[in-house]
Amino acid sequence: MKFSATPQEQLQILTTGVVDLVTREELLSRLEKSYQTGKPLVVKLGADPSAPDIHLGHTVVLQKMRQFQALGHEVVFLIGDFTGRVGDPTGKKKTRPALTEEEVMANAETYKVQIGKILDVGRMRLEFNSRWLASLNFADVLKLTAQYTVARMLERDDFANRYKGQVPISIVEFLYPLMQGYDSVALKADVELGGVDQTFNLLVGRDLQKSYGQAPQIIMTMPILEGIDGKEKMSKSLGNYVGINEPPDQIYGKLMSIPDDLMGKYYELLTDLSPAQLAEVKRRAGSEPKAVKMQLARRITAMYHGEAAGALAEAGFEKLFGKTGDGLPDDLEEARLAAPPEGLSLIRVLTMTGLAPSGGEAKRLLQQGGVRVDQAKQTDQNRLFHKGETFILQAGKRGFRRVILE
RNA sequence: GGAGAGAUGCCCGAGUGGCUAAAGGGGGCAGACUGUAAAUCUGUUGGCGCGAGCCUACGGUGGUUCAAAUCCACCUCUCUCCA
């Protein structure tokens, strides 16, 4: 393998946007060695087997992987099927049901498809940690656990806080970092990437590699992306995420709803703007925030759906929310409902179309003036609709259906 | 193993026999104002029912009582201190 970029050049590209790098010197010397020998670095990225919906938060670190790959290094995408099989006991989250092998494989497939939008899947190595973890016996586990102390485990913020806050920590949770670290040993990873929240686990990998007589991996952590609410980390369970598989309109719309202060960060972490362009964008954000945000939304939409889709999404957005538009989306989801002879009440229609999860919720929406039929605000919850009627139903700002009664 | 504290709605948390679908806060949702931004204000926030009302709910099971989140018994889980 020949590298087109010199170690110095590579270092510069690879370290931009990185929060923590342990250590810079080690990375450089390894890049040099790899440059001389023509042997690519093994770059590890771990993933959870149960969440195959990749969102923009994941892409931050995936973009970094892409850089490694583009520079000619070997990218290993590790699916933690074994760790997932144990079930995550963390904090308040319900213990996940263990996944079956079929589910794991199916999830891996969907991962591949999605990652393909960012990485060259053909040149990527896909691994599952059950390959080595499943065959460890108790003696092996003892050896592993002997490498770490409770005090050191408690250094991890998450553990420290919970311990202080008297929130339970199970022993399995102590095993997690060890398992993850052992993955690095098994893979002989040169570099491991992760979000800053992974710092502790990545460092454990370093320690374990030393214990097992390997050169410790270099760790690089990327910033955590806040979700579109601007408060918490982007995650599916908090519902503040933008999935890269979502339709263009959705991606565009969700991005338009982020708080203004977040625009800069999104530009920085989610697009490939040059430092100069970034500075320009940040300068303009103060005076013309809306235009800058639209550009962001369009750009990211285009990254995952193409330029044309980005432009379309923008046009659709203008039509829906702009001053000149009619306030309706282009492609309304259709709902065909069977109407009984006596007709369907507005409440029923709302629940049947899925615009309201329950009758009570539908009633509330109605009472608060959040329901429109063909653009007209509705107040009569008992209004009846009959077979043959067709209308556009709106609930709240974002819920639309073209309702056809049959 | 011993002693003590605790488990309440999406989250935190008040509530020690009826007035409790359960205070307050957070979060969510909706409305006004906007740029599907922020800030602010207002409303709302278990399910079913047009409604009277019915059902489900305070860790679990059983009991006392006309009546239980509240009292009793047992169980499960968590935390603290001691060993």
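Letters go in sequence order (proteins before strands), and every chain restarts at 1.
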What's [X] touching, base or sugar-phosphate or nothing? Going by heavy atoms closer than 4.0 Å.
| X | answer |
| --- | --- |
| A:Glu361 | sugar-phosphate |
| A:Ile258 | sugar-phosphate |
| A:Gly369 | sugar-phosphate |
| A:Pro289 | base |
| A:Lys254 | nothing |

(request) Would you tell me whether A:Gln209 and A:Ser184 have side-chain atoms, one donor and one acceptor, within less than 3.5 Å of each other? (result)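 A:Ser184 and A:Gln209 do not have a side-chain donor-acceptor pair below 3.5 Å.
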(request) For the pair A:Glu173 and A:Arg162, find out whether any cationic side-chain nitrogen is under 4.0 Å from an anionic carboxylate oxygen. (result)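 Looking at A:Arg162 together with A:Glu173, the answer is yes, because their closest N to O distance falls below 4.0 Å.
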(request) Please confirm whether any donor atom in the side chain of A:Arg364 sits under 3.5 Å from an acceptor in the base of B:U44, or the reverse. (result)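 For A:Arg364, whose side chain was compared with the base of B:U44, there is no donor-acceptor pair (under 3.5 Å).
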(message) Can you say whether a donor on the side chain of A:Lys397 sits under 3.5 Å from an acceptor on the base of B:G31, or the other way round?
(response)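 A donor-acceptor contact between them is absent.
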If you measure from the [atom1] atom in [N] to the same atom in [M], how many Å do you get, rounded?
| N | M | atom1 | value |
| --- | --- | --- | --- |
| B:A22 | B:A69 | P | 13 Å |
| B:G63 | B:G28 | C1' | 40 Å |
| B:G53 | B:G59 | C1' | 30 Å |
| B:G4 | B:C10 | C1' | 32 Å |
| B:G26 | B:A14 | C1' | 15 Å |
| B:U36 | B:U44 | P | 27 Å |
| B:U45 | B:U64 | P | 37 Å |
| B:C12 | B:A7 | C1' | 14 Å |

Could you check how far [atom1] of [X] sits from [atom2] of [N], rounded to whole Å?
| X | N | atom1 | atom2 | value |
| --- | --- | --- | --- | --- |
| A:Asn240 | B:G26 | CG | C1' | 16 Å |
| A:Asp229 | B:C10 | CG | P | 20 Å |
| A:Gln394 | B:G31 | CD | P | 8 Å |
| A:Leu350 | B:A30 | CG | C1' | 13 Å |
| A:Arg348 | B:G47 | CZ | C1' | 13 Å |
| A:Arg298 | B:G35 | CZ | P | 21 Å |
| A:Leu255 | B:U36 | CG | C1' | 12 Å |
| A:Lys265 | B:A37 | NZ | C1' | 17 Å |

Could you please name the partner base of [N], counting Watson-Crick and G-U wobble pairs only when both distances are under 3.5 Å?
| N | value |
| --- | --- |
| B:C77 | B:G6 |
| B:G24 | B:C12 |
| B:C48 | B:G53 |
| B:C41 | B:G31 |
| B:U65 | none |

(request) Give the intermediate values and the outcome of salt bridge (charged side-chain N to carboxylate O under 4.0 Å, His left out) for residues A:Glu26 and A:Arg24. (result) CA-CA 5 Å; A:Glu26 287 179 33; A:Arg24 192 182 189 88; over 6 Å; no
(request) Search all heavy atoms of A:Ala5 against all heavy atoms of A:Leu71 and return the closest pair with its distance. (result)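 Looking at all heavy atoms of both residues, the shortest contact is CB-CD2, 3.9 Å.
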(message) Does B:G51 have OP1 or OP2 under 4.0 Å away from a side-chain N or O of A:Lys363?
(response)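 For B:G51, OP1/OP2 do have a side-chain N/O of A:Lys363 under 4.0 Å.
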(message) Please tell me if A:Ser358 has a side-chain N or O lying less than 4.0 Å from either OP1 or OP2 of B:G46.
(response) no
Please determine, for the side chain of [X], which listed nucleotide ([options]) has the closest atom?
| X | options | answer |
| --- | --- | --- |
| A:Asn382 | B:C50, B:C29, B:A37 | B:C50 |
| A:Asp260 | B:G35, B:U36, B:A38 | B:G35 |
| A:Lys293 | B:A30, B:A37, B:C79 | B:A37 |
| A:Gln368 | B:C79, B:U44, B:U36 | B:U44 |
| A:Ser257 | B:G49, B:U36, B:C79 | B:U36 |

(message) A cation-pi test, strictly: NZ or CZ of A:Arg131 under 6.0 Å from the centre of the six-membered ring of A:Phe128 and no more than 45 degrees from its axis. Yes or no?
(response) no
(request) Test the A:Lys254-A:Tyr241 pair against the cation-pi criterion, namely NZ or CZ under 6.0 angstrom from the six-membered ring centroid and within 45° of the ring axis. (result) yes
(message) Heavy-atom nearest nucleotide on RNA chain B for A:Ile169 versus A:Val371: which residue maps closer to 5'?
(response)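 The 5'-side residue here is A:Val371.
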(request) Could you say whether A:Met256 or A:Gly396 is positioned toward the 5' end of RNA chain B, judged by the nucleotide with the nearest heavy atom to each? (result)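 The residue closer to the strand's 5' end, by nearest nucleotide, is A:Gly396.
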(message) Less than 4.5 Å apart, side chain to side chain, heavy atoms only: is that true for A:Val42 and A:Val75?
(response) no
(message) Side chains of A:Met222 and A:Met65, heavy atoms from C-beta outward: is any pair under 4.5 Å?
(response) no
